[in-house]
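Presented below is the structure to which this report refers.
Letters A, B, ... are given to chains in the order of the sequence lines, protein chains preceding strands, and every chain is numbered from 1.
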There are 2 protein chains.
Amino acid sequence: MVKITDVARHAGVSPSTVSYVLSGKRPISEETRRRVQASIRTLGYRPHAGARLAGGRANVLALVMPLWAGVHAPTALRFAASVVTAARSYGHDVLVLTQDEGEQGLRRVTDTVPVDGLIVMDVGLRDPRLPVLRDLDRPAVLIGFPADRAGLTCVDLDFRAAGERCVDHLAELGHRAVALVGPPPEVYVRRTACAQYVLQGFTAAADRHGLTSTVHPCEATAAAARATAERLLREHPAPTGIVVHNEAVLEPLTEAFARLGPRVPEELSVTAICPADLAESARVPLTSVALPAAETGLRAVELLMRALAGEPVPATTLLAPVLTVRGSTARRTGGGGV
Amino acid sequence: MVKITDVARHAGVSPSTVSYVLSGKRPISEETRRRVQASIRTLGYRPHAGARLAGGRANVLALVMPLWAGVHAPTALRFAASVVTAARSYGHDVLVLTQDEGEQGLRRVTDTVPVDGLIVMDVGLRDPRLPVLRDLDRPAVLIGFPADRAGLTCVDLDFRAAGERCVDHLAELGHRAVALVGPPPEVYVRRTACAQYVLQGFTAAADRHGLTSTVHPCEATAAAARATAERLLREHPAPTGIVVHNEAVLEPLTEAFARLGPRVPEELSVTAICPADLAESARVPLTSVALPAAETGLRAVELLMRALAGEPVPATTLLAPVLTVRGSTARRTGGGGV
DNA sequence: CTCCGTCGTCGAAGCGCTTCGACAACCTTC
DNA sequence: GAAGGTTGTCGAAGCGCTTCGACGACGGAG
């Protein structure tokens with residue numbers, strides 16, 4: 001293992017000079033800097049994270065992610081993967097923490113492990129971890145928007161706008177009755193932020209367009225999806241436009257529709273809020289607002305890096321929803337409605 | 001942040017004594033030990049990982065996992081979750097590394113981050129990382145069995161026996177022609193160990209029973225699954241027993257069968273090698289050999305902890321396959337065959 | 001030509017912890 | 001009852017790095 005003193009010797013300077021070249025915290029002559037950097041490269045020097053002891057950077061960030069309960073694994077993994085990849089591109093490694101470690105988990109990890117900053121996924125509207133995050137001596141970026149975001153840096157898809165965008169699209173196609181199939185009730189209870197925002201956007205847009213609307217939380221099981229499909233079709237007026245915000249039931253739900261009668265999109269238009277490739281690879285490619293996991297993760301890391309560099313960062317970054325029309329929505333046919 | 005000197009002062013001993021109480025590397029009188037431990041508890045002291053500098057434990061382990069390519073996300077996440085949970089129960093945190101960082105990734109992380117040991121998922125038969133792992137000054141546990149496991153600690157489901165077990169079951173039920181639907185060709189090319197072992201077990205058992213057998217690698221897409229289903233049914237002799245070792249196509253494959261004709265299990269018996277809950281929640285509950293993600297992760301962590309404690313650990317831990325009969329297999333009916 | 005301010009570099013101290021050698025105190029053993 | 005062993009504890013050094021204060025060299029101002 002090559003250490004800073006090796007670099008210093010090789011470059012003919014003192015260790016402190018090498019340190020200052022690395023951190024840029026003191027002026028170093030152009031020539032010395034170049035020599036030091038050359039030595040660093042030829043020796044393949046890499047600072048050791050343990051030295052965060054002395055106030056340095058560890059080049060490690062912590063990612064708090066939901067690992068068990070009620071999350072759609074492929075989606076969660078996509079976020080994680082993009083965070084890890086982005087972090088690596090900044091030379092950082094990633095420590096994972098599970099959601100359920102809660103507030104103490106945050107405390108523990110910042111006290112115990114050399115970690116430069118945190119990224120927290122799946123934030124609740126009134127997440128109990130918020131006070132701790134505000135209080136921490138390290139920067140943090142939330143993926144999701146809690147109700148009170150004072151003193152926090154947040155990034156996420158604009159879920160409210162996403163909900164609206166879906167309804168707008170359905171309204172433009174002439175649909176007069178719409179339904180939202182959302183995540184399971186627990187998620188609303190936990191008050192996961194994005195579920196709430198979609199709901200708000202959905203309702204607001206439906207009202208704005210004067211549409212009839214209903215909301216159906218749905219467990220992430222095929223059976224629940226089938227039950228929800230049946231319930232939807234029995235409604236009066238029967239919705240002709242559906243917004244699905246629940247990746248896990250996308251598949252069984254569309255299949256249930258296929259069995260129960262209404263043809264998609266001829267008789268029933270379906271839009272989803274989900275990762276783009278999921279929407280593409282459905283048996284009927286779904287018109288969807290993309291859940292930009294890759295971009296969100298990347299943005300979160302970028303924000304964290306800028307915060308670490310001492311730059312000011314925007315408190316909120318809302319990613320604009322992009323609706324892609326695929327095969328699952330069509331102009332409303334037939335009369336009906338009420 | 002309370003540090004070791006605080007504890008020492010509070011207990012009326014020197015810092016080194018506290019350290020020895022913690023590490024047990026020197027005898028400490030019963031009375032002193034108790035006093036120190038009391039102080040540790042009341043002050044809520046937690047050693048800082050950065051101090052691994054001085055030779056201590058960091059209480060961090062690295063998990064190398066496949067994050068993008070061709071893995072079944074829910075299964076991968078299950079492994080990861082079990083590793084993280086088990087690690088936490090030993091007071092360790094987990095740093096994730098992606099598969100594709102390869103050998104240098106291992107080097108980097110052990111040089112750079114205070115990490116006590118490694119767990120490596122998804123090992124190839126001739127994984128290029130093996131030399132590095134052997135060479136490292138830290139213990140490592142592999143999930144999976146490479147061809148040459150000298151000097152390595154490995155744990156995994158006995159995939160060979162799992163393949164055999166499925167075929168045995170089908171043979172017992174009177175099936176004379178069986179087919180294996182495996183992971184995509186890439187996986188065989190990368191020589192991911194478990195795919196090879198299932199294949200071996202499948203072939204060996206089929207030969208032993210004198211069954212006709214064919215092998216069908218299959219992409220992880222619904223389209224590929226449908227194509228595979230059609231190909232299977234056109235074969236001559238048509239297989240009446242199928243072994244599926246590819247979680248991603250489980251669903252579309254069974255559905256394709258449902259459409260194309262043969263009734264499961266009356267006309268076609270299907271067994272799977274997959275996580276138990278996946279098998280249970282299929283529309284026709286699948287007879288399966290469970291992929292024990294939770295147990296495997298736990299075992300891997302246990303082995304690592306024992307290695308860290310200096311205890312000798314078994315070089316190989318093979319988990320015996322457990323076949324659970326559910327609704328997708330039945331005694332072969334009808335005549336046919338050739 | 002001196003004085004002072006800058007610039008660039010260095011040495012030393014210290015981060016929280018472990019570990020080595022030392023050393024009292026006590027216990028055997030002849 | 002002195003020699004030799006144990007046992008339990010301590011002090012100090014050091015891990016790789018950062019940072020603070022110091023200092024020599026240089027240049028511009030007076």
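- Taking 4.0 Å as the cut-off between side-chain N and carboxylate O, R34(B) and E30(B) count as a salt-bridged pair.
- Between the C1' atom of dC20(C) and the NZ atom of K25(B) lies a distance of 13 Å, rounded to the nearest Å.
- Residue V13(A) is classed as a sugar-phosphate contact, given heavy-atom separations below 4.0 Å to backbone atoms only.
- Side-chain N/O atoms of Y20(A) and base N/O atoms of dC20(D) include a donor-acceptor pair closer than 3.5 Å.
- Atom CD of E31(A) is separated from atom C1' of dT9(C) by 13 Å (rounded to the nearest Å).
- The side chain of K3(A) sits closest to dG16(D) out of dC10(D), dG16(C), dG16(D).
- Applying side chain to side chain contact (heavy atoms under 4.5 Å, CB included) to V94(B) and the options V115(B), V84(B), T85(B) leaves one that passes, V84(B).
- Remark: the R26(B) side chain and the dT9(D) base include a donor-acceptor N/O pair separated by less than 3.5 Å.
- Under the 4.0 Å criterion applied to side-chain N and carboxylate O atoms, D100(A) and R88(B) are not assigned as salt-bridge partners.
- Rounded to an integer number of Å, the gap from R9(A) CZ to dC10(C) P is 14 Å.
- For the pair R52(B) and P27(A), nearest-nucleotide mapping onto DNA chain C gives the more 5' position to P27(A).
- Closest to the side chain of T32(A), from the set dC17(D), dT19(C), dG8(C), is dG8(C).
- Residues L157(A) and L319(A) approach most closely at CD1-O, 3.4 Å, considering heavy atoms.
- Comparing G55(B) and S14(B), the nucleotide of DNA chain D nearest to each residue sits closer to the 5' end for S14(B).
- dT19(D) atom C1' lies 14 Å from atom CZ of R57(A), rounded to whole Å.
- Side chain of H48(A), nearest nucleotide from dG16(C), dC17(D), dC10(D): dC17(D).
- We find that CG of N59(B) is positioned 10 Å from P of dT18(C), with the value rounded to whole Å.
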- request: Take L118(B) and L106(B) through the test side-chain contact (heavy atoms from CB on, under 4.5 Å) and record every step on the way to the result.
  value: CA-CA 9 Å; L118(B) 318 183; L106(B) 300 180; 4.0 Å; yes
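- The side chain of A54(A) lies closest to dT18(D), out of dT18(D), dG16(C), dT19(C).
- The base of dG8(D) does not come close enough to the side chain of S29(B) for any donor and acceptor atom to sit less than 3.5 Å apart.
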query: Which is it for V141(B) and R306(B) under the side-chain contact (heavy atoms from CB on, under 4.5 Å) test, yes or no, and what are the steps along the way?
result: CA-CA 11 Å; V141(B) 174; R306(B) 288 173 52 191; over 6 Å; no
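- Closest contact between the side chain of L53(A) and the listed nucleotides dT19(C), dT9(C), dC15(C) involves dC15(C).
- Phosphate contact (OP1/OP2 of dC10(D), side-chain N/O of T17(B), threshold under 4.0 Å): present.
- Looking at heavy-atom distances under 4.0 Å, G50(B) makes no contact with the nucleic acid at all.
- The interatomic distance linking L43(B) (CG) with dG16(C) (P) rounds to 15 Å, in whole Å.
- Listed candidates were dT18(C), dC10(D), dC17(D). Nearest to the side chain of I4(B) is dT18(C).
- Separating the CG atom of L22(B) from the C1' atom of dT18(C) is a distance of 11 Å, rounded to the nearest angstrom.
- Going from atom CD1 of I28(B) over to atom C1' of dT9(D) covers 7 Å, rounded to whole Å.
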